[in-house]
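Chain letters run A, B, ... following the sequence lines, proteins first and then strands; every chain starts at 1.
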There are 4 protein chains.
Amino acid sequence: MANFGGHAIPGSFFLLFGLWLTVKHTLQRYWRNNQLKGRALLPPFFKRMDYIEGGLQIFASFVGIMVEQFVVDGPHARLYDAHNHSWVKLMNWQHSTMYLFFGISGIALVVSTASKLVPVGVDRLALSLALFVEGFLFYYHVHSRPPLDAHIHSLLLVAVFSGSASTMMEVFMRDRFILEMLKAVLFILQGSWFYQIGFVLYPPSGPQWDLTLHNNIMFVTMCFCWHLVLALFVATCTSTAVWITTRRMSRRARDIEMVMRKKSSTANSEKALLEESEEE
Amino acid sequence: MANFGGHAIPGSFFLLFGLWLTVKHTLQRYWRNNQLKGRALLPPFFKRMDYIEGGLQIFASFVGIMVEQFVVDGPHARLYDAHNHSWVKLMNWQHSTMYLFFGISGIALVVSTASKLVPVGVDRLALSLALFVEGFLFYYHVHSRPPLDAHIHSLLLVAVFSGSASTMMEVFMRDRFILEMLKAVLFILQGSWFYQIGFVLYPPSGPQWDLTLHNNIMFVTMCFCWHLVLALFVATCTSTAVWITTRRMSRRARDIEMVMRKKSSTANSEKALLEESEEE
Amino acid sequence: MANFGGHAIPGSFFLLFGLWLTVKHTLQRYWRNNQLKGRALLPPFFKRMDYIEGGLQIFASFVGIMVEQFVVDGPHARLYDAHNHSWVKLMNWQHSTMYLFFGISGIALVVSTASKLVPVGVDRLALSLALFVEGFLFYYHVHSRPPLDAHIHSLLLVAVFSGSASTMMEVFMRDRFILEMLKAVLFILQGSWFYQIGFVLYPPSGPQWDLTLHNNIMFVTMCFCWHLVLALFVATCTSTAVWITTRRMSRRARDIEMVMRKKSSTANSEKALLEESEEE
Amino acid sequence: MANFGGHAIPGSFFLLFGLWLTVKHTLQRYWRNNQLKGRALLPPFFKRMDYIEGGLQIFASFVGIMVEQFVVDGPHARLYDAHNHSWVKLMNWQHSTMYLFFGISGIALVVSTASKLVPVGVDRLALSLALFVEGFLFYYHVHSRPPLDAHIHSLLLVAVFSGSASTMMEVFMRDRFILEMLKAVLFILQGSWFYQIGFVLYPPSGPQWDLTLHNNIMFVTMCFCWHLVLALFVATCTSTAVWITTRRMSRRARDIEMVMRKKSSTANSEKALLEESEEE
């Protein structure tokens, strides 16, 4: 939607998604680093996180599609206007298509969390595809626009396609914290850049930007790098905060946990410890 | 061949090939997941599937070359017309070249199934090359055509080159179900997109498309993504159906199989089981 | 800064950085090859080298930013001139942004040397990002310049983006000497090419170059390859010299070291040796 | 050199090099497959092959540089003509630069065969660089030429850059026969394509080609694929012939070899066999 809100809403979603990924992967890393080697499986807590994430993705993209279709000046699920021999509101249809792929990504996440028969990595492949399709549609979106408009959208593509490539690599290299954080950073970057696009193309206050001035293009290019710094900074701070909080909480909880764990899995852990000590 | 049928025939082949790959790789995965670890080799059944696949590829590309050459308005194996100083029917020659590479891919599959001396992965490399050559020839095919015609063919290239890259990765990462399914999906996508090209450029009914209208280009781009959704859906459903059917059949067959296996390979499997139990 | 010095200063930095990397990685390789397998950790000496490297990077980029901002004709930290409705000295701001990323890379190196909680490879990812951002900003830097000017800068991009890709690969393949040396060579190449740019665009003596002559472009392209030969030669010689010197010194020092090591870690090394001899 | 011979000479070199690589890597594979696992080292015979290969590369590139420089209409080692303010025979200088990199690749091969201190893979990296530089210089070579001339050279680049990428992958994945054969095929392709360029641009007999006709461009594109088929065929036949010959010879030689091996390395192989049997 060609106004400030139409860029702020997806921007907010991507920002929140990037933050969520930062938190999730930091918690997973904490777990991997601090648990006994004998317990390779992630606890049900992480499964529930994935269900929530997938469910929200499905819900959000369903709402997104509905809004794009049935907003006042939307296509109302009509694709071709046979009377005028023209397509109806292709822009809204394109956005719906993008949402659809994020919805599929959500379904893939839920299904691959629920069943072990689903091949490993399907969720990441689906997310990578969703980003690819987003970039693919944007790429043909920006033809024949004023220079600054085209440029600021093509910068978005840098974040989108990098995110797609980084997520694709996760299909083959699992549980690499650095790749997971890179993905999160690129989502945060994408989110904040959506805001920037909104501010530049539809300034909520102040004068309009000159969309043909070369200096504006130069500034916007540099500004993209600043957003990257910001995204790196936000992700690092969030991750550190989560790590420290978790450590403090888990220390406090250790005594209780120790007691509980002893009751529930004495046999297992003792056996694992015994085996380890025998190997040394 | 510049008509609807000329796009529907290759489209059907690619569609069927994609479905075949889905079925084959799902069966292979079922086998890998459900057999004893001691038996690493695939059974003769899979070998026979590969022979059939390779044989059909060779046969189909031979027929394809013959048709392209000896169709009524074909070149009849003449390449250069010395009288007019011009090349004869280069389009047909180009299509013959594409078929030739798929034929080579078939030969590579048969040979690498038959002999262990052939280096591992030659079949995938040959298939990747065949797709690359297809894309390579199409790439120089589409110059100086009307915008929509060029665009719809360049979208085909996305499927073709992605397929080539994905198959090339299989040379180095074997037995990754997710890569194999990606390849199958991209073949299905290619097949259905051939149909789409036929419907757009040579509509069997209804009015002609305006090949210069920007909105048509925008619609076609989005339509490509819908084909991708469809291909993902078809591949997922086929794979799930095959999986469930196989599981049901194999359960019914288990009793008989158990008896047969006991007779034929008692020594082997018992030894394997013994070794495993000793290791624990 | 558009003069000879403005290219010689970054050139010298990159040259020195490339040489430093050559020395550091050669020493690390010597250590890996010549130490007992039982001691996987690098000695504190290498940690100190990384602290120095990171510290210098932070310091140099801080100085660079300050100079770019507060030089006589600099922007003095003003970004937008509301009076003239124009951006202030975007060139200096762009250079500051580049320095900022190298500073971040320095911080990442220091932090990841100091703490084991920081995920492995963050330092290389940050360096790769710094090079990517440098190339990214340069890429939009060179539009609408005379042909030779644009060409000579785009050749720089070859070195910069190759360096970024090579460093990115180091994130996933650690302790590969050949990748580390490639990175060093590409930094030396970048450094010497900065000098070349200075000599061509702002010749300190002699006539100006004709910035539109095709032959000049051809020469400059070839000259880039010669710089590559030179960089390969310099890196090889430096590495060999460091290797030979270290071997000579370590032989002389062995007697003393042997005595010292015996005292400090008799138990450890004896145990490791014993285990190894038992395995044979 | 702009004549038929100037393309036939490098073409012959690349053809022979491709064939040589096919023979060498097939022999190495035969050795790897047929020797005892206990002997990981390649025999001195392969070392001698590498010395010869490297030596010939150095020699050929030295002769190439000399010829390019001191041919009658060559630059005679003069780079800049201060009198006319122009560069002297840049084409010859560019060719000399290409030869130089193949010479460096030869040096890298010799040195890395001779010493174990040289990091593994330096020879392949150097060959990959040589191909990259060749492609890099050709890329800026073909600007502002007639369409067919530019096109036929840009097809060469496909072979050159693919070869560079494939050789670069060998740096990280060693002893993969399929990659080695791909490299060999791409060298044969490059060689035969040089001949094709010679035949098209400087036909030794018959009429000149029309360098602007679109159909000629289409034919040449297809012709490149036929060269690829040819290269695949030649490499496969050569490799098979070498394999069969080696097997026949090694069977005949086995009796003698067995006797000799017993004398020279009884202790070693017996020990290895013993260890293996103990492990079972």
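Here CE of C/M222 is found 11.0 Å from NE2 of D/H95. Values are rounded to the nearest 0.5 Å. Distance CG/D/L90 to CG/C/N216: 9.0 Å, rounded to 0.5 Å. Atoms SG and CZ, on C/C225 and D/F132 in that order, are 8.0 Å from each other to the nearest 0.5 Å. Rounded to the nearest 0.5 angstrom, C/L182 CG and D/M168 CE are separated by 6.0 Å. Taking OG of C/S154 as the reference point, atom OH of D/Y140 lies at 4.5 Å (rounded to 0.5 Å).
Here the rule is side-chain contact (heavy atoms from CB on, under 4.5 Å) with C/V229, and of D/V133, D/I104, D/L129 only D/I104 fits it.
Within a 6.0 Å sphere centred on CZ of C/F233, heavy atoms belonging to other residues, nucleotides or ligands number 12 at most. The neighbour count for C/F13 CZ, taken as heavy atoms of other residues, nucleotides or ligands under 6.0 Å away, does not exceed 12. In this structure, C/F194 places its CZ atom where more than 12 heavy-atom neighbours from other residues, nucleotides or ligands lie under 6.0 Å away. Other residues, nucleotides and ligands contribute more than 12 heavy atoms inside 6.0 Å of the OH atom of D/Y51. More than 12 heavy atoms of other residues, nucleotides or ligands lie within 6.0 Å of CZ in D/F70, so this atom counts as buried by the packing criterion. Other residues, nucleotides and ligands contribute only 12 or fewer heavy atoms inside 6.0 Å of the OH atom of D/Y139.
Looking at D/L117, both its backbone and its side chain come within 4.5 Å of chain C, counting heavy atoms on both sides. For C/L232, the part lying under 4.5 angstrom from a heavy atom of chain D is the side chain only. For D/F172, the parts lying near chain C are the backbone and the side chain together; criterion is any non-hydrogen pair under 4.5 Å. Only the side chain of C/M173 comes within contact range of chain D, judged by heavy atoms closer than 4.5 Å. Contacts of D/V118 with chain C are made by backbone atoms alone, with heavy-atom separations under 4.5 Å and no side-chain atom involved. Residue D/Y80 does not touch chain C at all, counting heavy-atom pairs closer than 4.5 Å.
Interface check for chain D: of the options C/L179, C/V158, C/N33, the most heavy-atom pairs under 4.5 Å are formed by C/L179. The residue among D/G121, D/S86, D/P119 with the most heavy atom pairs within less than 4.5 Å of chain C is D/P119.
Of all non-hydrogen atoms in C/R29 and D/K116, the two that sit nearest each other are NH2-O, 4.4 Å. Closest heavy-atom contact between D/V171 and C/I178: CG1-CG2, 3.9 Å.
In this structure, the ring of D/F136 has its center less than 6.0 angstrom from the ring center of C/F224.
Under the 30°/60° scheme for interplanar angles, the aromatic rings of D/W87 and C/F219 are found to lie parallel.
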